[in-house]
Amino acid sequence: MIGTRVLVLNSGSSSVKYQLLDMSDSSRLAQGLVERIGEQTSRLRHTPLATGEPRERSGPIADHEAALKAVAEELAEDGLGLDSPELAAIGHRVVHGGKHFTEPTVIDDAVLAEIERLIPVAPLHNPANLTGIRTARALRPDLPQVAVFDTAFHTTMPEAAARYAIDVKTADEHRIRRYGFHGTSHAYVSRATAELLGRAPEEVNVIVLHLGNGASASAVRGGKCVDTSMGLTPLEGLVMGTRSGDTDPAVIFHLARVGGMSTDEIDTLLNKKSGLIGLCGDNDMREIRRRVDEGDEQAKLAFDIYIHRLKKYIGAYYAVLGRVDAVAFTAGVGENAAPVRAAAVAGLETLGLAVDDERNAVRSDEPRLISPAGARVKVAVVPTDEELEIATQTYALVEGNRFAAPPRGN
Ligand SMILES: Nc1ncnc2c1ncn2[C@@H]1O[C@H](COP(=O)(O)OP(=O)(O)O)[C@@H](O)[C@H]1O
Ligand SMILES: CC(=O)OP(=O)(O)O
Ligand SMILES: [Mg+2]
């Protein structure tokens with residue numbers, strides 16, 4: 001008998017988010033987060049869903065290996081240990097899969113080498129993803145480990161959307177093109193939006209706005225991505241918590257030539273010290289809204305720049321799709337910040353887009369419509385669930401492999 005449990009790991013540079021799911025009914029058994037790995041003040045917060053009572057550990061956790069061992073101990077305490085025969089696979093979020101990986105993939109040494117080769121185009125994300133995979137493999141070498149790529153959903157983008165208008169030879173030599181990220185979320189949310197509308201994904205055109213700390217928009221036609229706002233790296237597109245999103249690339253030459261900054265300094269500036277935090281000193285939308293409500297001008301300007309960019313992308317993807325059935329807001333900001341949703345579609349009534357204030361004010365974890373009754377284009381809040389999507393794809397792959405015919409020649 002093979003188990004039905006899947007452990008999902010989302011390994012960041014200094015954190016690991018995890019969930020253990022039972023895929024016989026897609027239920028969650030446990031979830032948690034290890035933060036500030038490598039510091040003296042690391043923290044593990046673990047919640048077994050049977051009790052719903054979170055447990056916390058604090059004190060130094062040196063590296064990802066120690067973090068995963070601590071997670072394994074917490075799970076074991078709930079009778080959900082990683083040595084259990086119930087565990088069928090471990091699913092890993094991998095941010096950059098390049099052009100090569102269009103599907104979830106069972107990890108072997110060749111797959112690891114390819115993820116490693118992509119580090120130069122995902123320096124903030126892929127190294128941490130790799131560490132998570134290596135650690136999990138060492139812990140359970142017998143278990144299938146599956147990589148689910150942020151980029152995979154976007155590989156259907158037509159060349160016209162995926163290519164930059166730069167010299168083709170140079171671009172090809174350095175694999176410069178638009179890959180897009182948050183694909184697991186865009187896939188899940190576009191499907192869930194079709195479901196909310198009571199229609200098949202193949203019939204529906206959706207603009208998905210994934211607004212977390214990182215943020216991206218996508219245009220999804222009949223279930224397939226045709227454009228997305230992130231590019232070669234997760235820096236392009238919307239204004240984010242700490243990333244600038246779109247800028248004139250000449251800003252970089254200017255900072256180097258006139259500002260005397262190194263490329264590493266500029267990288268840090270645009271990825272970590274820009275966006276909302278660079279504009280007003282806060283990257284949490286709750287705090288920004290609180291300041292706006294108190295009349296803080298700097299926070300108001302940051303909010304306005306954020307909304308202006310978002311509105312531009314809604315308009316752009318409306319034009320890309322031609323016909324839009326729904327605009328779906330998701331992730332931390334999209335799911336929770338009613339003022340962001342209202343402001344993003346304000347003034348777009350001629351495009352058939354509007355928000356009903358009463359519906360928009362409702363707080364809920366369920367997918368819901370916030371457009372007025374009978375609206376031509378539906379506006380929706382659709383909570384994302386990247387972990388469930390990763391677990392679903394991971395489990396489908398290992399289940400499928402189990403029943404697949406042996407390779408020819410055997
Ligand atoms: N109630 C809320 N109101 C406004 N913004 C919120 C609320 N709750 C969370 N957020 C925003 O969501 C962000 C985190 O989103 P999330 O999708 O969890 O991001 P990530 O996965 O990138 O860490 C926070 O930085 C905060 O700005
Ligand atoms: C790709 C990306 O931006 O991911 P995150 O939002 O988790 O930083
Ligand atoms: Mg997220």
Side-chain angles (χ1 to χ4, degrees), residues 8-19 31 33-35 92-98 118 121-129 132 148-154 178-186 188-189 208-218 228-245 270-272 274-277 279-293 299 302-303 306-307 310 329-344 360-365 381-387 389-390:
V8 175
L9 292 179
N10 179 353
S11 306
S13 52
S14 67
S15 73
V16 176
K17 289 187 203 158
Y18 63 93
Q19 279 192 16
Q31 64 187 33
L33 167 69
V34 191
E35 291 174 288
H92 297 267
R93 177 189 183 202
V94 179
V95 166
H96 215 314
L118 289 161
V121 282
L124 298 180
H125 293 93
N126 273 30
N129 302 159
V148 177
F149 298 95
D150 257 43
T151 42
F153 183 61
H154 303 301
R178 311 190 53 258
Y179 294 97
F181 300 88
H182 295 139
T184 310
S185 177
H186 288 285
Y188 178 88
V189 170
V208 178
L209 304 169
H210 175 107
L211 311 177
N213 220 336
S216 65
S218 70
T228 195
S229 60
M230 284 178 166
L232 173 74
T233 78
L235 180 56
E236 193 180 344
L238 299 174
V239 176
M240 310 182 209
T242 67
R243 295 175 219 154
S244 62
L270 296 180
N271 271 300
K272 299 193 171 157
S274 296
L276 292 170
I277 207 158
L279 289 166
C280 73
D282 274 308
N283 64 335
D284 193 310
M285 192 52 81
R286 283 164 287 205
E287 186 57 19
I288 292 170
R289 283 305 311 174
R290 197 190 56 72
R291 286 173 54 189
V292 172
D293 291 341
F303 184 79
Y306 184 94
I307 296 297
L310 193 53
F329 287 88
T330 196
V333 175
E335 290 166 30
N336 295 298
V340 168
R341 299 190 296 254
N360 191 29
V362 173
R363 302 196 69 86
S364 157
D365 292 334
V381 180
V382 180
T384 193
D385 198 335
E386 289 159 284
E387 289 77 17
E389 180 71 17
I390 291 170

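What you see is a predicted model; the values in this text were computed from it and never measured. We count ligands from 1, going down the list as the structure has it; atoms in each ligand are counted the same way. In this chain, numbering begins with 1 at the start of the sequence shown.
Ligand 1 has at least one atom lying under 4.0 Å from a heavy atom of R363. For the ligand labelled ligand 1, residue G214 lies inside the 4.0 Å heavy-atom shell. Using a 4.0 Å cutoff on heavy atoms, R93 counts as a contact of ligand 2. Within the structure, the closest approach of K17 to ligand 1 falls below 4.0 Å when heavy atoms are considered.
Of all atoms in ligand 2, numbered sequentially from 1 with element shown, those under 4.0 Å from a heavy atom of M230 are 3 (O). Under a 4.0 Å criterion applied to the non-hydrogen atoms of G212, ligand 1 contributes the atoms 15 (O), 16 (P), 17 (O), 19 (O). Applying the 4.0 Å criterion to heavy atoms of A337 picks out, from ligand 1, the atoms 4 (C). Those atoms of ligand 2 with a heavy atom of P234 less than 4.0 angstrom away are 1 (C), 3 (O). Interface of D150 with ligand 2, defined as ligand atoms under 4.0 Å from a residue heavy atom, comprises 1 (C). Which parts of ligand 1 touch V333 is read off a 4.0 Å heavy-atom cut-off, strictly below it: atoms 11 (C), 12 (O), 27 (O). In the vicinity of G214, heavy-atom distances shorter than 4.0 Å reach the ligand 2 atoms 6 (O). Interface of D284 with ligand 1, defined as ligand atoms under 4.0 Å from a residue heavy atom, comprises 26 (C), 27 (O). Ligand-side atoms of ligand 1 in range of A331: 17 (O), range being under 4.0 angstrom from any heavy atom. Atoms of ligand 1 lying under 4.0 Å from at least one heavy atom of M285, given by number and element, are 4 (C), 5 (N), 26 (C), 27 (O). Close approach of ligand 2 to F181 is summarised as follows: ligand atoms under 4.0 Å from at least one heavy atom of the residue are 1 (C).
Judged by distance alone, the side chains of H186 and S216 do bring a donor and an acceptor atom under 3.5 Å apart.
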Next item on the list: Check the pair R243 / M230 against side chain to side chain contact (heavy atoms under 4.5 Å, CB included), numbers first and verdict last.
Entry: CA-CA 11 Å; R243 295 175 219 154; M230 284 178 166; 3.6 Å; yes

Note to self: One pair to check against side chain to side chain contact (heavy atoms under 4.5 Å, CB included): L211 and L310. What are the steps and the verdict?
What the structure shows: CA-CA 10 Å; L211 311 177; L310 193 53; 3.8 Å; yes

Next item on the list: Evaluate side-chain hydrogen bond (donor to acceptor under 3.5 Å, both in side chains) for T330 paired with E335, printing each intermediate quantity in order.
Entry: CA-CA 5 Å; T330 196; E335 290 166 30; 3.2 Å; yes

Margin query: Show, in sequence, the C-alpha distance, side-chain angles and deciding distance for L235 and S244, and conclude whether the side chain to side chain contact (heavy atoms under 4.5 Å, CB included) test is met.
Written below: CA-CA 7 Å; L235 180 56; S244 62; 3.8 Å; yes

Notebook entry, point to check: Does the side-chain hydrogen bond (donor to acceptor under 3.5 Å, both in side chains) test come out yes or no for S185 and T384, once each step is laid out?
Noted result: CA-CA 6 Å; S185 177; T384 193; 2.7 Å; yes

Note to self: Set out, in order, the CA-CA distance, both residues' side-chain angles and the distance that settles ring-ring contact (aromatic ring centres under 6.0 Å, His included) for Y179 and H96, then state yes or no.
What the structure shows: CA-CA 8 Å; Y179 294 97; H96 215 314; 4.7 Å; yes

Margin query: Please determine whether side chain to side chain contact (heavy atoms under 4.5 Å, CB included) holds for the pair T184 and V148, giving the CA-CA distance in whole Å, both sets of side-chain angles, and the decisive distance to 0.1 Å.
Written below: CA-CA 8 Å; T184 310; V148 177; 4.0 Å; yes

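Under a 3.5 Å cut-off, the side chain of R93 and the backbone N or O of D150 do not form any donor-acceptor pair. D282 places no side-chain N or O within donor-acceptor distance of the main-chain N or O of D284, the cut-off being under 3.5 Å.
Taking the ring centroids of H125 and F181, they lie at or beyond the 6.0 Å cut-off.
Of the candidates R286, M240, E335, R286 brings a heavy atom nearest to atom 9 (C) of ligand 1.
At a 4.0 Å heavy-atom cut-off, ligand 2 touches R243 through the side chain alone. By the criterion of a heavy-atom distance under 4.0 Å, neither the backbone nor the side chain of M240 is placed next to ligand 2. In L211, neither the side chain nor the backbone holds a heavy atom less than 4.0 Å from any atom of ligand 1.
Within the 4.5 Å cutoff, the side chain of E287 has heavy atoms near those of the R290 side chain.
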